[in-house]
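Below is one structure; the comments refer to it alone.
Numbered from 1 within each chain, the chains take letters A, B, ... in sequence-line order.
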Amino acid sequence: MADRVDIAIVGSGPAGLSAAARAAECKTPHVLLEASPHLAQTIHRYQKGKHVMEEPASLPLRASLPFRAGSREQVLAAWEEGIRRLGVNLRLGAEVTAIERDEKGFRLLIGGREAIMARSVVLAIGLQGNIRKLGVPGQDLPCVQYQLDDPEEFQGETIVVVGAGDAAIENALALAFRNQVIIVNRRDEFSRAKEGNLKAILKAIEEGRIECYYRSQPERVEQLAVGRRRARVVLATPDGEAQILCDRVIARLGALPPRAFVERCGVKFPSADPAAVPVISPRYESNVPGLYIIGALAGYPLIKQAMNQGYEVVETILGRQVEPADAPLLQRKLERLPGFAGVDGAIEWIRKRTPVLSPLSPLQLRELLLEADIQFPTAGKPVFRRNDYTDSFYVILAGQTEVETADGRRFRLRQGEFFGEMSLISGRRRNATVMAGEGCILLEIPRRTMLRIMQSVEEVKQAIDRAFLKRAIQSRLAPEATPEQVEELARESSLHRFRAGEILFAEGEIGDCLHLVRSGSLMVSRNIAGREVVLSYVAAGNYVGEMALLGETRRTATVRAAIATETIRVDGKSFKRVVERNPVLRLRLQAEMRQRTAQNVAMQVDPRGGDLISFLLAQGAGEATDILLIDESLCIRCDNCEKACAETHGGTSRLDREAGPTFAEVHVPTSCRHCEHPHCMKDCPPDAIHRAPNGEVYIADNCIGCGNCVENCPYGVIHLAGPVARKPGLLAWLLFGLGPGPGEAPKRSDPSGEKKAVKCDMCRDLPGGPACVRSCPTGAAIRITPEEFASYARARR
Amino acid sequence: MHESFLAHRGLRYLWVSAILLSLSILAYLWHDPIPRPNGGTWLGYTLGTIAALLILWLMAFGLRKRLYRSTAGTLRGWLSAHVYLGLAVPVLSLLHSGFQVGWNLHTLLLALVFAVVLSGLFGVWAYLRYPPLITRNRDSATRSAMLEEIAELDRKALELADRIDPKIHALVLRSQQKTRLGGSVWHQLTAGDRSEGVLKALNLLSERQRQQRAQAPTGSTMSGGATILAMVDYLAAAPDRTGEALRELIDLIARKRSLVARIARDVQFQAILEIWLYLHVPLSFALLAALLWHVLSVFFYW
């Protein structure tokens, strides 16, 4: 006879714990199922003593368990104490392998055997996924482990590490100091590892410090009762079976993303995009009645949000009306809207007025509104200016706005229309100034929120892509064209994606289209005497390939994507038709073409400039919006740039002058390039990373110090840093010798205290601009934008 | 684009300095006081005051450099002005004194002015000369990367030496223990290589071994270098494998030598870029003290 409960909660993270605690408090029969051997696996895996923060600060906590910012240990201890006090029915090590639904309710299979019957299921399994096990007999023996907390714990052992990712390599290297380590790799190389780890492991293998079995995998693990070693691993190798006697097996095989499991439960996802979250109702119910989804899996990555949802979902299941904890926040945001009568009414009012947002579910719209901002700008005031770097998206709720483009044309956008999609998609500066009209009400949606909506609601993405296509053709390619001509071009255009290095078209091919760069950037080169000479760099918002359409029919140069790039491919025939009918457009395009040809010839004459551009692009400058360059023939290595950076930013320098490559005396130090589509923004739980109007990508104070951005930045320019002690003033140092003086390393106040991510913010709070450049005594340091690469390269020949 | 502090804003401060100097020289030539030009005339006082104020302002560079939040111009502009206007001070001082010198503290002040300016000029020269040399010497490696490589080479060398012979191992180890980089100011500046001549010894060893293989193993007939020769005898009898390892060891040590030399040069360049400041700054403070005393005494004896 299977167990029977009212509510089965799967996953004991903040969301699941909170739901279970509320259920226990209400004396509802429940069970909390956790696959790992301890509570809150994700938080449990934080490093010892890590400070857990309490964001968003404005959101009140409504849960049966306490949660306050503090160390990992304090947070976990408070939860453990809470569930003991409330009598939560917790089962650790209970991995749910299937959830089936019939007319009586749900049947949850645990470990593939035992079943639990439940009337409702709360799925709170987060996004980390279950750890991938060895998948062979003996995988659950005590000598097999899937995590390594402290490599120092073991010494003098023989340890088999299975896996080829960064985790496996780092573990193997750390263990090899005091143990004999054997690493087992399924493939014949370590292709998934980071550069540094790859070098280190290959070196260790070459020197014999670590033994490696390539193209091998474990077949079984056996516990031994006699002999000096505790276990035996049997491997399948290219040369046949191999047996290793060892003390311990550590398998680091990554985690299985939870999506496949969730889909097997019958839950639908709106798109194949890996970032998509399942569709749920305002009460967190999925398309499977009685199956609720909360927490990170539902798109709420913060602890407090997840705990509030755990509470609310249990109230909902018990049939009680519950106003979400964020209702007062929404109320405050929405009550200034005309005719406001309750939050739900206002949400509906917004939905009716904005065609682009109408495909959203009420919960999605609610979530969007929580993160968005409603503005009532005074008429004539600019919403943003041309060349600003902001990247949010605007929808007009009431009134109208006036748009002024680069060439001085003006047009109006009315209620229900949207703008700002150009910078959102391309990551480049605003290409027009938008002014508020009379009685204008705007909804400003942050970049991350909008991208998430576009990933999960196909209709929204399509509507924005359509508008982008037309507006990009109109503003970037053919401002002289009539709306009908733009329409004609847009009809024959399509979106294309290119991987970094992929060729759009090659020299000598017949040209039948042109490409307008939507996001990313391109590199134009020619093959001269068997050598590739880089001619120019094309940033997002510009076009290539028009030469073959206007004059010659063959491509005069090869164009490839410098980074992952999206383009709008405009069909050659319709483009020629439009150009023929529009002499003004033709003249302008020809003038631009002449200028480009002249520039290309100049670059061909002396290929050194092109070499410099390709060097810069190889350093990732292709996705930069602003990059720090140091002329090493001027740099006296005084490190005043680093000192200035540290002095103006709480004692931690955000740039490393010495690190980084040099070519033709141009040095690219390790410092932020303020990417068009910043990698650091990709996975920031509190959405603390933003882009300011003048381009800098900065981290706001609500950073929770999770370190995701540090991991995601390919240029290694983000660190976690704690606060430092205040320094004595300049005069105190000068007159009385009180140290540390200006430019000297400060005293770290508390090494275990809370750490936050820090990165270059281009000294946004300083009126004079970036301190690194301003404090360079010899003029070696400059910051330039990719648009200046060509003139920079020419100037340095 | 990059612009050197010397070229800052189209040589703006060179012009300022040139104009200041031309005006001063013209005034000096036009002015014909009795008995002769000196610090006590109205022009003498004017020039002296200008020079004194300039010195105070020039010394404020040290403050500006440390005011990292300052919006008062860029540091490059300040350095440009510091150099060009600093060059004007000795000329102004000479005009102020009417070219009178003697064995007194006023002339000490004049001497200090020249000493400070000369040390500063050395700095300008070093700033122009050494940065490209550093880049070329580094060859795209950071100093820490080079040090790591040395540690790595040392480890490999010991491993190899161990396989050859315990005596060679001891030789290599001793040489490694004696490798020193940096150290005293003198050592930094001269880039002295104090690593023992282990390479020479090993090369000799390898060469001997080859020769001895060619000839009959008759034993050594040469005097001196007893340890090495003993080893040579031993190696001559050893299998071929050792000879190969020895050559490999020599390659490793040669590579290490070149790295050590590069780091020593790097340290040297860096030291030269900084050493003059240890003269320039204290001398400036001495100058300031002498200036205060000069002004006070002049007013005291007025």
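Proximity to chain B (any heavy atom under 4.5 Å) is shown, for A/Pro661, by neither the backbone nor the side chain. If you measure heavy-atom distances from A/Leu634 to chain B, the contacts under 4.5 Å come from both the backbone and the side chain. With a 4.5 Å cut-off on non-hydrogen atoms, A/Ala780 touches chain B through its backbone but not through its side chain. Neither the backbone nor the side chain of B/Tyr130 comes within contact range of chain A, judged by heavy atoms closer than 4.5 Å. Interface residue B/Ser70: only backbone heavy atoms are found under 4.5 Å from chain A. Interface residue B/Arg143: backbone and side-chain heavy atoms are both found under 4.5 Å from chain A.
Here the side chains of B/Leu63 and A/Leu730 are in contact, with some heavy-atom distance below 4.5 Å. Here the side chains of A/Glu665 and B/Pro131 are not in contact, with every heavy-atom distance at 4.5 Å or above.
Note on A/Glu788, A/Glu207, A/His667, A/Lys643: by heavy-atom pairs under 4.5 Å with chain B, the leading option is A/Glu207. Per-residue counts of heavy-atom pairs under 4.5 Å with chain B were compared for A/Pro742, A/Cys763, A/Gly768, A/Ala781; the largest is that of A/Pro742.
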List the steps and the verdict of salt bridge (charged side-chain N to carboxylate O under 4.0 Å, His left out) for B/Arg66 and A/Glu744. CA-CA 10 Å; B/Arg66 288 167 177 83; A/Glu744 289 166 12; over 6 Å; no

Go through B/Tyr68 and A/His649 one step at a time and tell me if the ring pair (Phe, Tyr, Trp, His ring centres under 6.0 Å) criterion holds. CA-CA 10 Å; B/Tyr68 297 100; A/His649 294 92; over 10 Å; no

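The two residues B/Thr71 and A/Pro767 make their nearest non-hydrogen contact at CG2-CG, 3.4 Å. The minimum heavy-atom distance between B/Met1 and A/Ser791, with the atom names listed, is CE-OG, 4.3 Å.
Note on A/Lys203 versus B/Glu152: salt bridge recorded, some NZ/NE/NH1/NH2 to OD/OE distance being below 4.0 Å.
Atom-to-atom distance recorded for A/Ser775:OG and B/Leu67:CG is 11.5 Å, nearest 0.5 angstrom. To the nearest 0.5 angstrom, B/His2 atom NE2 is 8.5 Å from A/Ile630 atom CD1. To the nearest 0.5 Å, the span separating OG1 on A/Thr778 from CD on B/Glu3 amounts to 11.5 Å. Taken to the nearest 0.5 Å, the CD1 atom of B/Ile134 stands 4.5 Å off from the CZ atom of A/Arg637. In this structure, the separation between CZ on B/Arg69 and OG1 on A/Thr648 is 6.0 Å, given to the nearest 0.5 Å. Atoms CG and OG, from B/Leu133 and A/Ser633 in turn, are 11.0 Å apart once rounded to the nearest 0.5 Å.
Counting heavy atoms of neighbouring residues, nucleotides and ligands inside a 6.0 Å radius, atom CZ of B/Arg9 does not exceed 12 of them. Enclosure of atom CG in A/Asp701 is not indicated, since only 12 or fewer non-hydrogen atoms of other residues, nucleotides or ligands lie within 6.0 angstrom. Under a cut-off of 6.0 angstrom, the local environment of CZ in A/Phe177 is sparse, with at most 12 non-hydrogen atoms contributed by other residues, nucleotides or ligands. Around CH2 of B/Trp15, the count of heavy atoms belonging to other residues, nucleotides or ligands within 6.0 Å does not exceed 12.
Proximity of a side-chain donor or acceptor of A/Glu658 to a complementary backbone N or O of B/Thr142 within less than 3.5 Å is not detected.
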